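Please read the structure below before turning to the comments.
From a predicted model like this one, the values you see are computed outputs, not experimental measurements. We name chains A, B, ... by the order of the sequence lines, and we start the count at 1 in each one.
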Amino acid sequence: MNAENTKAQMRKGVLEYCILAIIAGNEIYASDIIDKMKDAKLLVVEGTLYPLLTRLKNSGLLGYRWIESASGPPRKYYTLTDEGKEFLNELHITWEELVQSVNITTGKNSNL
Amino acid sequence: MNKVINININGLIFHIDEEAFVVLDRYLESLKQHFRNNEGGDEILADIESRIAEMLTEMLKDRSEVISMANVQQVIATMGKPEDMEDADSGSNSKSRSHSWSDSYGFNPGKRMYRDPDNKIIGGVCSGMSEYLGIDPVWIRLLFVAVFFGFGTGLLIYIILWIIIPKAKTPSEKLEMRGERVNISNIEKTVTENLDALKQRIDKEFDRFEGKDFGGKVNNFFHGFFEGLEGALKGVFHAFAWLFSAMFILISAGVIIALLSVVFGLTGIVGFAVPVFFLDFFHDAHTASIVFILILLLIGLPFIGLLFRSLRYMSGYRGRHRNGFLSFIWVLAFVALLVLVFGNASGFRSSYSYSTTDILKKPAHDTLYLNANGYASEIKEFHGNGWMDLSRLWDRIQTANDTSRVGLVSLNITRSDDHNIRLEKSYKSRGNSVRNAMSLSESIKYNYMQADSLLLFNETFRIPKEDKWHGQNVKLELQIPDGTIVKMRRNMSDIIYDIDNVQDMDDEEMTSHIWIMKQDGLTCLDCGSDQHDGNKNPIHHHEHRNRWEWRWDN
């Protein structure tokens, strides 16, 4: 059993949730998503993001549009679709439940 | 000193150090390989590329700065290796993806069949198969050739395989072909040479990512299509070149063998032989044989060159062609031939002829018996198959001390104007001048003998040993008065030539009949007898023949 492997598995599970959450705030550029996730120490390598974005987009949760940039070629700006918003809401609930479950099982909320 | 390469990533031009470029190229290639089976893999790559362009822009103070190895390594560290990305991108479709991954590798995990462009002879099918099966390509090629010659289907199978097996173009495809694991270090190992080709390819790939719109894709499609077409045409050309080479080898070998068999023993003649008709055009047998050899060389040398070239093509040898030597010999032979032929022809420029007429003694009876004597039958034996063995001819010519027998005389029989029997002898020769021709014709010697009713002709005439062949000939015309009966021995057929007769009979046949000179020409006495006279008086005819035979034998 490899600790690194388990850690990666755990991170992976929440990754999609976090990405959707970041995009839900505002129309956002992929590099800005990376910055936010890096700040949150969610991302080990940047390459991880792109396959995820493409997959979420292909599932109909994300949409994007090209916006001209002053410094270079046009950029993809992502937004949540209605389906994506619903999906995110479900994930919110699931996450709350999960946090509670984990807290209970790990005894962190013993004082409650 | 390090080369700097210009690349275009996502529409931005960068200057990049050569080494850094190779590493970046390998990295992108491995990503491409990694996302190949992903839904939207192209899009993922395009996104990653634009991010790389962004990162590089941020790293460089200004655009003119050269991207270094350190920059590229930093980009790769930030972006992550393909293996790391896969971890992140598992989720629900990780299973199905890994399934398709192993599926695409066939029964031999990590190995795919590609055409090997680095070891190809035609399309790289055999070399690719040998990589896949781990056999030396020679055996597979031999198998294909065997099947081709056996049933002709080998070619069809090859063409089909050529079409369906993809070519290993990229380093990672080449690794797959060899069954090695596709990862960065392996790709690094593989890509060592041919930087220019690599550069073109990466530029193309980058251009492709630049054109994300439909137009770019169409452009890409056509680019690929024409590239493929060009490759196919080249392949077809190679296949034809190979087939033609094989054909040329067979043809040239056949011609060379044929020429050699002409020179060394044809149809039972052992030793050097020349066609007989050839001797009629040249002064002497030496010139004739040299000219003959030269002609054979002029025909044969190009085929020898063709044979060598084809063999070299088929063996894949691409060294310096050494046909210069053969060409030199050919030109030399050509010049020598011209000199000999023109030198020889000058000796035939003028001609001269004269004739003498002997009045023969009248025999006691009206019948003339004609016989021939000499070497005609032997000479005709040589002539028989149209080829003359020079060594034997030479013996023949050298027999007499001061003269050489050279040619056959020809005899005609015509009607005499009066009651005399005459023999007109016409001597003719060619020469480089009329004087020369005259002296040559005057030195021709010809003899015949008469003993009452018997005429014995020498079949050949002679010329002095020192005289060369200049087309000398002797024509005889025997003029006989009406009522003269002529009987010819069988060997007269060697010298009689196109004698006019009422029956219009061939020379050969004439010797087996009895002839009489009449007003309208030489008439057969015993031919018609089978139909008219013969029925009336068959016994007489029989008697006649018997007497002839008897007389002759005595």
Side-chain angles (χ1 to χ4, degrees), chain A residues 2-20 23 28-35 37-38 41-78 87 91, chain B residues 8-14 27-28 30-32 34-58 60 62-63 74-94 96-97 184 206 209-213:
Chain A
N2 192 339
E4 277 306 313
N5 201 15
T6 311
K7 279 193 251 175
Q9 294 283 335
M10 290 171 84
R11 242 197 320 269
K12 221 157 45 182
V14 293
L15 218 50
E16 285 177 25
Y17 174 46
C18 293
I19 289 170
L20 288 173
I23 296 170
I28 189 166
Y29 177 45
S31 300
D32 296 333
I33 302 175
I34 286 173
D35 288 342
M37 290 179 81
K38 275 189 166 172
K41 300 201 166 135
L42 268 171
L43 217 52
V44 179
V45 291
E46 293 188 11
T48 308
L49 180 70
Y50 297 98
L52 273 177
L53 283 177
T54 304
R55 193 150 54 80
L56 292 173
K57 188 207 77 185
N58 288 343
S59 318
L61 305 179
L62 293 182
Y64 69 84
R65 61 191 185 108
W66 292 101
I67 291 178
E68 293 291 333
S69 138
S71 62
R75 298 168 163 186
K76 269 180 184 174
Y77 276 78
Y78 290 91
F87 191 84
L91 285 185
Chain B
N8 174 350
I9 310 177
N10 201 27
L12 299 173
I13 303 291
F14 292 97
Y27 175 66
L28 289 171
S30 69
L31 286 182
K32 193 178 163 197
H34 182 79
F35 290 117
R36 204 180 46 167
N37 292 316
N38 261 36
E39 196 191 341
D42 283 350
E43 197 178 349
I44 297 171
L45 271 176
D47 288 344
I48 289 176
E49 287 215 15
S50 67
R51 176 62 181 158
I52 289 174
E54 206 174 65
M55 278 196 262
L56 289 171
T57 315
E58 281 166 14
L60 304 173
D62 66 293
R63 194 59 66 63
Q74 200 188 326
V75 164
I76 293 173
T78 315
M79 194 54 79
K81 297 196 171 177
E83 301 92 272
D84 304 331
M85 294 180 193
E86 195 182 12
D87 263 0
D89 179 37
S90 42
S92 58
N93 64 348
S94 103
S96 68
R97 196 161 61 88
I184 295 238
F206 283 151
F209 288 118
E210 184 193 11
K212 290 184 199 76
D213 56 343

### Query
How about A:K38 and B:T78: do any of their side-chain heavy atoms sit closer than 4.5 Å?
yes

### Query
How would you list, by chain and number, every residue that makes a ring pair (Phe, Tyr, Trp, His ring centres under 6.0 Å) with A:Y50, sequence neighbours excluded?
none

### Query
Non-hydrogen atoms of chain A under 4.5 Å away: do they reach the side chain of B:A53, the backbone, both or neither?
neither

### Message
Return the CD to CD1 distance between A:E46 and B:I52, rounded to the nearest 0.5 Å.
### Response
9.5 Å

### Task
Heavy-atom distances under 4.5 Å only: say whether A:T54 touches chain B with side chain, backbone, both or neither.
side chain

### Message
Is any side-chain heavy atom of A:I34 closer than 4.5 Å to one of B:R51?
### Response
yes

### Query
Who passes ring pair (Phe, Tyr, Trp, His ring centres under 6.0 Å) against A:F87, sequence neighbours left out?
none

### Message
Within this structure, what is the NZ-CD distance for the pair A:K76 and B:E43, rounded to the nearest 0.5 Å?
### Response
4.0 Å

